[in-house]
Amino acid sequence: MDDPGEVPGPDPREALERLLLDGPRCYTRLQVAELTGMPPERNQRLWRALGFPDAADDDLVFTDADVTALGVLSELINSGFVDADTEASIARAMGQALSRLADWQADMLADALTRSEPGGGRRAASAEEVVAVARELLPKMRDIQHYVWRRHLAANADRLQSSVGRGDGRELAVGFADLVGYTSRSRGMGGRELGAMVEDFESIATAVIARHHGRVVKTVGDGVLFTAASAVDAVEIGLRLPEVWDADERPPLRVGAAYGPVLTRLGDVYSPVVNLASRLTSLGRPGTVLVDRNLARGLRGMPAYRVRPLRRVSVRGYDHLQPWLVRRRPSGDDDSPFDTSAFEDMLDGLADDVLDQEEDDRTDGDRP
């Protein structure tokens with residue numbers, strides 16, 4: 001029993017919310033507009049763009065941290081760093097990226113907060129335990145996120161120092177890696193088993209792409225979209241991913257990649273090159289890598305690879321699309337008891353002829 005006159009402490013769930021929101025909810029939407037000098041409609045548009053539901057005019061939803069954040073945004077807009085026409089797009093990109101991060105962290109914390117019982121069972125942590133752990137872990141999570149963010153900015157230092165503006169085009173290789181038969185196989189899996197497979201796929205894909213100087217643009221369950229600066233990096237990613245991923249209990253992987261000008265905007269990439277890479281992926285057999293003409297030309301003459309033209313096909317958006325199959329040249333070619341060099345030289349010559357003919361056709365088409 002509490003001592004007479006003792007002021008009860010805050011409810012643990014309320015304490016957790018205050019900790020996460022950096023204070024209590026004490027302002028309505030209209031009060032926030034008055035405090036920040038932003039029109040209510042603009043506040044609501046940004047709030048929606050961040051991925052949060054609408055609040056009624058008289059609901060106490062917002063905190064001092066919300067008011068501060070909107071004030072900082074106003075300063076960024078007034079400084080010219082953020083364009084008023086694109087502020088909602090920037091908010092949307094941040095909201096989508098950080099929402100996914102928060103979902104993952106909430107699951108991770110919820111799993112970590114379960115307690116093992118002597119009999120092998122598990123029990124959920126009490127509200128008080130959750131608050132205590134959150135007070136200890138949240139600052140550490142914030143610091144590591146800040147570090148990773150700055151490190152990624154450092155990785156793009158060349159772009160920070162260049163004159164390239166936001167949304168300007170760049171020449172990049174764009175690739176898709178797709179799990180073959182994912183939908184049918186996932187139907188027979190339990191939630192934990194499916195989650196483990198997706199986690200393995202994203203972990204392996206991220207490691208292989210980073211190792212070969214690529215960047216993961218986004219992952220969607222059964223596939224990953226990535227970019228690379230060079231033809232060799234893109235093809236090494238495409239060849240290594242199926243090799244590292246290969247296991248009897250996993251669905252096979254196929255990769256398609258194309259090279260050309262792309263628009264980079266808010267962390268995503270836009271271009272017909274992206275669509276072309278997707279179409280090439282859909283044409284590939286399990287374990288193969290298909291590329292477009294530009295990537296095939298970038299590998300021309302490299303002894304580490306075999307590049308062979310396949311039969312032209314028509315797919316949505318592309319008539320008579322020419323896929324190119326890329327394979328690694330076996331290291332034992334020179335030790336083969338059969339003399340295959342003449343045959344391989346002939347195939348290389350045919351591939352060169354096809355590339356030359358496509359270049360001639362394209363040049364003729366560009367002439368007035």
Side-chain angles (χ1 to χ4, degrees), residues 6-114 124-149 218 265-268:
E6 180 181 345
V7 178
D11 178 83
R13 296 184 186 278
E14 181 183 348
L16 177 61
E17 181 178 271
R18 289 192 179 194
L19 180 64
L20 294 172
L21 298 182
D22 201 19
R25 301 174 186 260
C26 53
Y27 301 112
T28 67
R29 184 172 67 90
L30 298 180
Q31 288 173 329
V32 169
E34 183 178 354
L35 289 169
T36 60
M38 280 190 177
E41 297 78 13
R42 187 181 188 186
N43 282 340
Q44 187 175 52
R45 184 174 69 253
L46 291 173
W47 190 248
R48 289 172 178 170
L50 288 169
F52 301 122
D54 287 349
D57 290 347
D58 56 351
D59 284 348
L60 293 175
V61 172
F62 302 95
T63 69
D64 286 318
D66 296 320
V67 175
T68 301
L70 286 170
V72 172
L73 179 57
S74 293
E75 293 175 4
L76 289 174
I77 294 171
N78 294 335
S79 71
F81 180 74
V82 175
D83 193 316
D85 293 334
T86 61
E87 63 184 20
S89 298
I90 294 172
R92 190 179 310 111
M94 292 179 61
Q96 290 173 356
L98 294 176
S99 172
R100 184 181 180 192
L101 179 63
D103 285 345
W104 168 74
Q105 289 175 337
D107 289 340
M108 180 182 67
L109 285 170
D111 186 63
L113 284 166
T114 57
S126 68
E128 291 81 0
E129 289 172 326
V130 171
V131 172
V133 170
R135 287 188 185 279
E136 179 181 353
L137 293 184
L138 286 178
K140 295 180 173 62
M141 293 166 66
R142 178 199 60 214
D143 291 345
I144 195 64
Q145 286 168 197
H146 186 255
Y147 159 76
V148 173
W149 167 66
K218 54 189 170 185
R265 182 174 183 271
L266 300 176
D268 211 337

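Worth saying up front: this structure is predicted, and the values here are computed from it rather than measured. Residue numbers count from 1 along this sequence.
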Closest heavy-atom pair and its distance - L50, A91: CD2-O, 3.5 Å

Interatomic spacing from CD in Q31 to CG in D57 - rounded to 0.5 Å: 11.0 Å

I need the E87 CD to R92 CZ distance, nearest 0.5 Å. 11.0 Å

Rounded to the nearest 0.5 Å, what's the gap from CG on D64 to CG on L21? Could you check? 11.0 Å

Y27 side chain reached by D66 side chain, heavy atoms, under 4.5 Å: no

Compare every heavy atom of L16 with every heavy atom of V130, then report the nearest pair and how far apart it is. CG1-CD2, 3.7 Å

Interatomic spacing from OG1 in T36 to CG in N43 - rounded to 0.5 Å: 4.5 Å

Any chance you could measure L98, atom CG, to Q96, atom CD, to the nearest 0.5 Å? 10.5 Å

Tell me, do W104 and L101 make a side-chain contact under 4.5 Å, heavy atoms counted? yes

Between Q145 and Q105, is any pair of side-chain heavy atoms under 4.5 Å apart? yes

Identify the two heavy atoms, one from A55 and one from V61, that lie closest to each other, and give their separation to 0.1 Å. CB-CG2, 3.7 Å

Does the plane of the ring in F62 sit parallel, tilted or perpendicular to the ring in W47? Use 30° and 60° as the thresholds. perpendicular

Rounded at 0.5 Å granularity, tell me how far CD1 in I144 sits from CG in L137. 13.0 Å

So which atom in G23 and which in T63 form the shortest heavy-atom distance, rounded to 0.1 Å? O-CG2, 3.7 Å

Between A88 and A49, what is the shortest heavy-atom contact and its length? O-CB, 3.5 Å

Begin from the C-alpha positions of R29 and D59 and carry the test salt bridge (charged side-chain N to carboxylate O under 4.0 Å, His left out) through to its verdict. CA-CA 7 Å; R29 184 172 67 90; D59 284 348; over 6 Å; no

Under 4.5 Å between any side-chain heavy atoms of L20 and L138, yes or no? yes

Closest heavy-atom pair and its distance - A134, L19: CB-CD2, 3.7 Å

